[in-house]
Colleague: 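Mind having a look at this structure? Questions to follow.
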Protein chains: 2
Amino acid sequence: MGTKERRQREFEARERLFLDAARKLIRQEGILALQMARLARACDYATGTLYQHFSAKEDLLVALATRRLEEHADYFCQAAAWKAGTRERMFALTVADYNYAQRHPGFSRLLQYAFTEVIWEGASEERRQAMQSALQPPARAVRAIVQDAIEAGDLPDRGLDAGALMLGPWGLSAGIQSMMQTHGLLDGLGIREPGLQLYRHAQFLLNGLGWKPLMDPVDETALAALVQRIEQDVLATDQSKAGPAGNRINP
Amino acid sequence: MGTKERRQREFEARERLFLDAARKLIRQEGILALQMARLARACDYATGTLYQHFSAKEDLLVALATRRLEEHADYFCQAAAWKAGTRERMFALTVADYNYAQRHPGFSRLLQYAFTEVIWEGASEERRQAMQSALQPPARAVRAIVQDAIEAGDLPDRGLDAGALMLGPWGLSAGIQSMMQTHGLLDGLGIREPGLQLYRHAQFLLNGLGWKPLMDPVDETALAALVQRIEQDVLATDQSKAGPAGNRINP
DNA sequence: ATTTATGTTTGAATAAAGTTCATTTTCTGA
DNA sequence: TCAGAAAATGAACTTTATTCAAACATAAAT
């Protein structure tokens, strides 16, 4: 009785088809221009079929964001698994995150939008759950680094929870990148080279946490060298896409 | 020939009326439920009149976010002008920001939404400009603190721009608060008491910047006392609204 | 093989809002 | 008082998300 399972497989394949097509359409014309009927047509299905998969447009957007996060997570976990000191690994996460966002600007915008109340609450509980699940692996990776760091004596054990510790670097990265998304915002405030500043503040924060070995974030040369090393050592999986801007701090 | 100016005044008054009514409607039923026609009706104007003020719904949302930011900015600048050490003043900004967001959850959600690509790009250039202008006073206030700190020797002068320096604390605060907005997200990751963690990481970052006097963010009692002192000394303008939750770190 | 039952797909119809614009009303300055 | 300009109006228009009754396909039973 493999019929049911085959059905299930086909259903999942079609969902991937829809999500891939949605991604393509969004890339071409932006999130705003995505229309459910057009998406269905583009996949040679009726509108109603699309709604068999997604309870609403918001649901589809969260599903797409989740899917893309899963890809990003692989990339991210690679950085976490790097054979290097705990501090370098922690910083590599920031680099991986920022690097990916730079190369896939649509992804960051989608994620930002998906986490908005209007979209998030408009998605089904299952989708939100799926997003939570997709966040678990990277979260575990970060926790692992924090644990390692404490055990190795790189990070003073103050009895703080690993989750609490990772919130800082993650929040910092998310916050600055979110501002960078908003066109003209940082420029209007006279803040230049936000990518460089993100890296610097990530290092300042690690210094503040007492995460050894301490580093001087103002030494731009050393910082750039470190970033480049991380990009070459760790994030070289898809160099094809990286292009010449791949190792610049602030393209 | 004061006719024209009177007209102008009346026009601006009506715009305020629309924005106040929009705020009320959003408070009652959420951003998603805001309808242009209903808003106009609620103010006893025709739909078309509303469009005399706002080029689109997105335009209205950015205008509303800007208006509310201006209110928040006053509150914020108060914290910056506090008579205290530069580090305490800097931290007071985080407290003011978070405190305001806690008391006005709708504001944070609106701001988050407004800075989304879909909304931001849907607003008119003038509205975006107005938002930029509204951001100038708080930005200047932060810059001033940074300058003072460098001059007073509290913060090492590394030749970094004040704008670049403020990006860290601001981004950290914005990022963590943004995550807190997304219902169930941090809980699902096992991160408890995000408000407390925000304060801690803000202090860790200031420590990392070498901003004296250094503080131990793990000492919860001292941190809570500092927060409470800031709330009482600086942010007591509208105690009426503060209520019993006003001085808790993580209500 | 035929029938029944169950599940799936369809796409036209519906409904909900955002936006426009021809018409009406109000206001202004002479 | 009135011509002309400016502003306000709200029904009509447009666009889209969403639904659902009918058609279709598939699996199980006889």
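For clarity, every value in this text was computed on a predicted model and none was experimentally measured. Protein chains get the first letters and strands the later ones, always in sequence-line order, with residue 1 at the start of each.
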Colleague: Look at the side chain of E58(A) and decide which nucleotide, out of dA6(D), dT8(C), dT18(D), has an atom nearest to it.
Modeller: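 Looking only at side-chain atoms, E58(A) lies closest to dT18(D).
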Colleague: Consider the side chain of K57(B), meaning its heavy atoms from C-beta on, and name the nucleotide among dG18(C), dT8(C), dC27(C) that approaches it most closely.
Modeller: dG18(C)
Colleague: For DNA chain C, find the residues of residues 35-44 of chain B with a heavy-atom distance under 4.0 Å and give them by number; none if there aren't any.
Modeller: Q35(B), M36(B)
Colleague: Can you tell me the distance, in whole Å, between the CG atom of L34(B) and the C1' atom of dA17(C)?
Modeller: 11 Å
Colleague: Run the ring pair (Phe, Tyr, Trp, His ring centres under 6.0 Å) test against F107(A) and tell me which residues pass, sequence neighbours left out.
Modeller: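 For F107(A), the residues satisfying ring pair (Phe, Tyr, Trp, His ring centres under 6.0 Å) (neighbours in sequence not counted) are H72(A), Y100(A).
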Colleague: Salt bridge or not between E12(B) and R67(B)? Use side-chain N to carboxylate O under 4.0 Å.
Modeller: no
Colleague: Round to a whole Å and report the spacing from CZ of F11(B) to P of dA6(D).
Modeller: 15 Å
Colleague: Please list, by residue number, the residues of residues 46-53 of chain A whose heavy atoms come closer than 4.0 Å to an atom of DNA chain D; answer none if no residue qualifies.
Modeller: T47(A), Y51(A)
Colleague: What residue pairs, at least two apart or across chains, pass ring-ring contact (aromatic ring centres under 6.0 Å, His included) with a residue in residues 20-41 of chain B?
Modeller: none
Colleague: In whole Å, I'd like the distance from the CD atom of E12(B) to the P atom of dA7(D).
Modeller: 14 Å
Colleague: For D97(A) and Q177(A), run side chain to side chain donor-acceptor pair (under 3.5 Å): C-alpha distance rounded to whole Å, both residues' side-chain angles, the deciding distance at 0.1 Å, then the answer.
Modeller: CA-CA 10 Å; D97(A) 190 38; Q177(A) 289 194 54; 3.1 Å; yes
Colleague: List for me each residue that meets ring pair (Phe, Tyr, Trp, His ring centres under 6.0 Å) alongside F18(A), sequence neighbours excluded, and say none if there are none.
Modeller: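 F18(A): ring pair (Phe, Tyr, Trp, His ring centres under 6.0 Å) contacts with Y45(A), H53(A).
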Colleague: Closer than 4.0 Å, any side-chain N/O of R14(A) to the OP1 or OP2 of dT9(C)?
Modeller: yes
Colleague: Using a cut-off of less than 4.0 Å, is there contact between a side-chain N or O of R6(A) and OP1 or OP2 of dA27(D)?
Modeller: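 It does, given that an N or O in the side chain of R6(A) lies less than 4.0 Å from OP1 or OP2 of dA27(D).
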Colleague: Just the rounded figure in Å: distance from C1' of dA17(D) to CD1 of I119(A).
Modeller: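 Value for this atom pair: 13 Å.
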Colleague: Return a table of donor-acceptor pairs under 3.5 angstrom between the side chains of residues 129-145 of chain B and protein atoms on other chains or two or more places apart.
Modeller:
from: Q132(B); atom 1: NE2; to: G184(A); atom 2: O; distance (Å): 2.8
from: S133(B); atom 1: OG; to: Q129(B); atom 2: O; distance (Å): 3.1
from: Q136(B); atom 1: NE2; to: G188(A); atom 2: O; distance (Å): 3.1
from: Q136(B); atom 1: NE2; to: Q132(B); atom 2: O; distance (Å): 3.3
from: R143(B); atom 1: NH2; to: L189(A); atom 2: O; distance (Å): 2.5

Colleague: Enumerate donor-acceptor pairs with a distance under 3.5 Å from any side-chain N or O in residues 24-40 of chain A to protein atoms, sequence neighbours excluded.
Modeller:
from: E29(A); atom 1: OE1; to: R38(A); atom 2: NH2; distance (Å): 3.3

Colleague: Could you tell me which residues satisfy side chain to side chain donor-acceptor pair (under 3.5 Å) with R16(B), sequence neighbours excluded, listed by chain and number?
Modeller: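 With neighbours one apart ignored, the set is empty.
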Colleague: Starting from the 5' end of DNA chain C, give me the residue, L32(B) or R7(B), whose nearest nucleotide shows up first.
Modeller: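 The residue whose closest nucleotide sits nearer the 5' end is L32(B).
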Colleague: Round to a whole Å and report the spacing from CG of L25(A) to P of dT16(D).
Modeller: 13 Å
Colleague: Tell me, which pairs form a ring-ring contact (aromatic ring centres under 6.0 Å, His included) where one or both residues lie in residues 167-192 of chain B, sequence neighbours left out?
Modeller: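 For residues 167-192 of chain B: none.
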